[in-house]
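Order of listing sets the numbers, starting from 1, for every ligand and every atom in it.
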Amino acid sequence: MIQLYGLRMSNYYSLVKAVLIEKGLDFEEVKAPPTQKDDNLARTPMGKMPSIGVNGQYISESLAIIDYLERLQPSPSMVPADPFAAAKAVELACHIKLNVELVARRCLPEALFNTPVSDETKASTERDLDRGMQAVGQLMVCSPYAAGDTFSIADLYTYYSFGLASTIGKKMFNKDILADYPQIAGLIEHLAERPSIKRVTIEASS
Ligand SMILES: N[C@@H](CCC(=O)N[C@@H](CS)C(=O)NCC(=O)O)C(=O)O
């Protein structure tokens with residue numbers, strides 16, 4: 001049995017949980033806040049969530065965890081069967097994660113916890129967020145799924161990254177980062193109805 005460590009409020013935790021559900025793998029959730037305590041650092045060297053436990057050994061980083069789960073339980077796959085299409089889905093997931101979500105996070109202390117960030121940080125975040133959205137907009141297929149005709153890792157990063165990034169965009173810059181990307185907004189609405197994602201959402205609020 002796989003242990004999933006972290007908190008249900010975390011978007012990356014939720015993303016990995018959705019993959020475990022999609023793949024029908026047995027797992028148990030273990031509450032583990034992101035701390036710098038030794039036991040947590042042993043599981044996840046930056047102290048972040050999520051991490052998973054497998055027979056007393058640990059993996060951190062959502063992409064590494066999903067890669068492991070993919071090899072452990074190849075079906076249903078979270079990447080398209082065609083090698084090039086698979087790489088494009090991972091490429092899109094990386095751009096969403098690194099150039100949208102991670103950029104928006106620079107302003108997370110102020111947006112969510114009322115801890116001010118500097119004007120320089122705000123300016124660079126707004127600028128880089130626009131650039132990241134252009135990159136994602138260029139790669140996003142949305143026909144019907146993020147990376148093409150099959151549900152993939154790109155849909156999971158779409159669903160679980162834009163919630164936080166949009167909240168931060170709205171609070172910090174009074175900007176709807178998806179305003180110019182109605183196809184992404186539509187995809188997110190569609191993904192919210194997917195059973196794995198629905199279950200994760202319901203359990204996070206219970
Ligand atoms: N790159 C990591 C990001 C994980 C991450 O940022 N987790 C957040 C919660 S969603 C966290 O643990 N934040 C607390 C901290 O940074 O100390 C992944 O993909 O798993």
Side-chain angles (χ1 to χ4, degrees), residues 2-23 25 27 29-54 57-72 78-79 87 89-117 121 125 128-129 132 135-136 139 146-147 152-172 177 188 191-192 196-197 200-201 203-205:
I2 293 169
Q3 285 81 41
L4 174 60
Y5 293 91
L7 297 176
R8 288 177 170 181
M9 62 183 284
S10 153
N11 54 338
Y12 288 110
Y13 176 97
S14 299
L15 192 159
V16 168
K17 183 174 168 181
V19 175
L20 286 160
I21 296 169
E22 285 282 341
K23 289 184 172 291
L25 287 162
F27 66 98
E29 296 178 80
V30 184
K31 262 191 194 168
T35 69
Q36 297 297 308
K37 290 186 182 158
D38 288 348
D39 62 333
N40 196 45
L41 293 176
R43 291 189 290 265
T44 166
M46 292 299 288
K48 297 188 182 203
M49 55 191 174
S51 58
I52 61 165
V54 182
Q57 300 195 85
Y58 305 102
I59 308 171
S60 62
E61 285 296 323
S62 55
L63 264 177
I65 296 170
I66 295 166
D67 186 58
Y68 166 71
L69 299 178
E70 192 65 23
R71 291 162 202 263
L72 182 71
M78 297 296 111
V79 287
V90 175
E91 178 192 25
L92 177 53
C94 287
H95 281 282
I96 295 168
K97 178 179 152 101
L98 299 174
N99 297 320
V100 175
E101 210 263 6
L102 214 51
V103 169
R105 263 180 194 269
R106 293 179 202 155
C107 288
L108 185 141
E110 181 165 326
L112 297 195
F113 302 111
N114 283 328
T115 303
V117 297
T121 298
T125 301
D128 294 347
L129 207 44
V136 167
L139 294 172
S152 76
I153 192 169
D155 295 288
L156 291 159
Y157 278 92
T158 296
Y159 189 79
Y160 288 110
S161 297
F162 278 109
L164 183 68
S166 298
T167 301
I168 293 174
K170 186 95 194 112
K171 276 209 155 176
M172 298 301 297
I177 63 168
I188 290 169
L191 291 171
S196 60
I197 290 177
V200 172
T201 305
E203 290 181 359
S205 58

Undergrad: With Tyr5, which residues qualify under side-chain hydrogen bond (donor to acceptor under 3.5 Å, both in side chains), at least two apart?
TA: none

Undergrad: After noting the C-alpha distance and the side-chain angles of Tyr157 and Glu101, does the key distance pass the side chain to side chain donor-acceptor pair (under 3.5 Å) rule?
TA: CA-CA 9 Å; Tyr157 278 92; Glu101 210 263 6; over 6 Å; no

Undergrad: Side-chain contact test, heavy atoms from C-beta onward, threshold under 4.5 Å: evaluate it for Leu63 versus Ile153 and give yes or no.
TA: yes

Undergrad: Quick one, list the residues around ligand 1 where some non-hydrogen atom comes in under 4.0 Å, by chain and residue number.
TA: Ser10, Asn11, Tyr12, Pro34, Lys48, Met49, Pro50, Glu61, Ser62, Lys97, Arg105

Undergrad: What pairs with Pro45 under side chain to side chain contact (heavy atoms under 4.5 Å, CB included), at least two apart in sequence or on another chain?
TA: Ser60

Undergrad: Is there any salt bridge (Lys or Arg N to Asp or Glu O under 4.0 Å) pair reaching into residues 34-46, and which pairs are they, with sequence neighbours excluded?
TA: none

Undergrad: Taking 4.0 angstrom as the limit, do Glu61 and Lys48 come out as a salt bridge?
TA: no

